[in-house]
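The structure appears right after this line, and notes come after that.
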Amino acid sequence: MEPILKARNVTKKFGGMIAVNSVNLDIYPGEIVGLIGPNGAGKTTFFNSITGFYKCDGGSVTFDGKDITARTTYQNCKAGMARTFQIVQPFGQMTSLENVMVGAFNRTDSHKEAELEAKKWIEFVGMQDKMYDKLANLNIGDQRKLEMARALATGPKLLLLDEVMAGLTPTEIDGVIDLVRKIRESGTTVLMIEHIMKALMQLSDKVVVLDHGEKIAEGTPEEIANNERVIESYLGSAYKKA
């Protein structure tokens, strides 16, 4: 089986600072892959580099068998790559339904079809009772689910989730865990950045660790939890004991 995403020596610089340094990653269809590391490790910069938000300063990115290194974000979205953002970015004057319809228009020019598709994904994330609410009526948990629904409405083969559990209650986190599993079951591959280790380790088939822009480890959740370098740089000895 060929990887759906293949990153080779991906590098991103800001002036003299190397934010992502020659990172390699293979993601296979149907996987949930966790991306972890300390704040400033380069995780979101790596997301931005492989999705086209940033132009790579080195290396290459292949998606679904095609080189996308020089593609724009909208071209990648058309090809089947969608993402959420660490800081949610809903359209504040729109209803939940209208927000998700924006994503649905990636696949259709028909208002009716976009509305039907948006309703499907709003129900998928469990927000049907808030379909016509505007941003002011949504808490952070709802906003994160809304952003996931909007990304799903684009029709992705690969969904990149950037800290979708940040700021959520334990009950809300459990709901997102179930939702990510449903997303995989629906046929979408997932790459996710997350700092809530208990949740990420439950979900991930494999975990990749960045530190100072470099990949320092990759393996199963159990392997990563017992990797001395990862413990030293990020998890801490208390995590291993837990």
Side-chain angles (χ1 to χ4, degrees), residues 1-6 25-36 47 50-51 63-65 76-85 88 96-97 99-104 106-108 113-131 141-166 168-208 218-225:
M1 183 187 297
E2 285 293 310
I4 189 169
L5 181 84
K6 183 187 295 184
L25 176 62
D26 287 341
I27 300 176
Y28 290 87
E31 282 190 316
I32 298 176
V33 178
L35 183 62
I36 66 172
F47 261 35
I50 64 176
T51 55
F63 176 67
D64 206 19
N76 290 334
C77 189
K78 283 286 186 186
M81 182 188 294
R83 66 168 295 180
T84 66
F85 291 84
V88 292
S96 297
L97 177 61
N99 263 274
V100 181
M101 284 177 67
V102 171
N106 185 58
R107 297 291 173 192
T108 181
E113 289 179 12
E115 184 174 346
L116 289 172
E117 189 70 7
K119 285 180 176 178
K120 179 182 82 172
W121 291 111
I122 287 173
E123 292 173 2
F124 184 88
V125 302
M127 286 187 62
Q128 55 269 29
D129 59 332
K130 298 178 181 178
M131 192 174 297
D142 291 333
Q143 291 180 41
R144 292 201 181 280
K145 288 193 291 184
L146 177 65
E147 191 160 81
M148 292 171 75
R150 187 174 60 194
L152 287 165
T154 68
K157 298 175 183 177
L158 174 66
L159 178 63
L160 296 89
L161 303 174
D162 195 348
E163 294 194 40
V164 291
M165 302 182 199
L168 303 189
T169 67
T171 300
E172 289 171 334
I173 289 169
D174 288 341
V176 172
I177 290 172
D178 291 341
L179 183 55
V180 173
R181 287 179 174 143
K182 277 178 60 181
I183 291 169
R184 191 246 295 271
E185 289 166 6
S186 75
T188 301
T189 304
V190 177
L191 172 62
M192 59 187 303
I193 296 172
E194 193 52 66
H195 282 292
I196 300 174
M197 286 299 97
K198 183 178 179 181
L200 184 131
M201 294 298 193
Q202 284 183 47
L203 284 168
S204 300
D205 298 303
K206 70 182 177 188
V207 179
V208 176
E218 178 178 333
T220 66
E222 183 178 3
E223 289 169 342
I224 294 301

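Residues Ala151 and Ala82 share a closest heavy-atom pair of O-CB, 3.6 Å. The two residues Ser204 and Pro221 have their closest heavy-atom pair at O-CG, 3.3 Å. Summarising the geometry of Trp121 relative to Val100, their closest heavy-atom pair is CB-CG1, 4.4 Å, with the distance given to 0.1 Å. When all heavy atoms of Glu2 and Lys6 are compared, the closest pair comes out as OE1-NZ, 4.1 Å.
With hydrogens and angles ignored, the 3.5 Å screen pairs no side-chain donor or acceptor of Asp26 with any backbone N or O of Pro3. Under a 3.5 Å cut-off, the side chain of Arg107 and the backbone N or O of Gly155 do form a donor-acceptor pair. Remark: the backbone N or O of Asp162 is paired with a side-chain donor or acceptor of Thr84 at under 3.5 angstrom.
Going from atom CG of Leu97 over to atom CE of Met127 covers 11.0 Å, rounded to the nearest 0.5 Å. Rounding to the nearest 0.5 angstrom, the gap separating the CG atom in Leu35 from the CG atom in Leu191 is 6.0 Å. With rounding to the nearest 0.5 Å, the separation of OG1 in Thr154 from CZ in Arg83 is 12.5 Å. Remark: Leu146 CG to Met148 CE distance equals 11.0 Å, nearest 0.5 Å. Rounded to the nearest 0.5 Å, atoms CD1 (Ile193) and CD1 (Ile36) are 11.5 Å apart. Taking CD of Gln128 as the reference point, atom OG of Ser96 lies at 11.0 Å (rounded to 0.5 Å).
Salt bridge absent: Arg144 and Glu147 never bring a charged side-chain N and a carboxylate O closer than 4.0 Å.
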List, one per line, each side-chain donor-acceptor pair under 3.5 Å for residues 171-181, sequence neighbours excluded.
residue: Glu172; atom: OE1; partner: Thr169; partner atom: N; Å: 2.9
residue: Glu172; atom: OE1; partner: Thr169; partner atom: OG1; Å: 3.4

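Note on residues 183-194: pairs passing salt bridge (charged side-chain N to carboxylate O under 4.0 Å, His left out), not counting sequence neighbours, are Arg184-Asp205. Counting only residues at least two apart or on different chains, the salt bridge (charged side-chain N to carboxylate O under 4.0 Å, His left out) pairs with a member in residues 116-131 are Glu115-Lys119, Glu117-Lys120, Lys130-Asp142.
In this structure, the side chains of Thr189 and Leu5 stay at 4.5 Å or more apart for every pair of heavy atoms. With a 4.5 Å cut-off on side-chain heavy atoms, Ile50 and Phe63 do not count as touching. For the pair Leu160 and Leu158, the minimum side-chain heavy-atom distance is below 4.5 Å. The shortest side-chain heavy-atom distance between Ile196 and Leu168 does not fall under the 4.5 Å cut-off. Ile183 has its side chain within reach of Phe124: a pair of non-hydrogen atoms, C-beta onward, lies under 4.5 Å apart. Between Ile4 and Glu31 there is no side-chain heavy-atom pair separated by less than 4.5 Å.
Around the NZ atom of Lys206, the shell of radius 6.0 Å holds more than 12 heavy atoms that belong to other residues, nucleotides or ligands.
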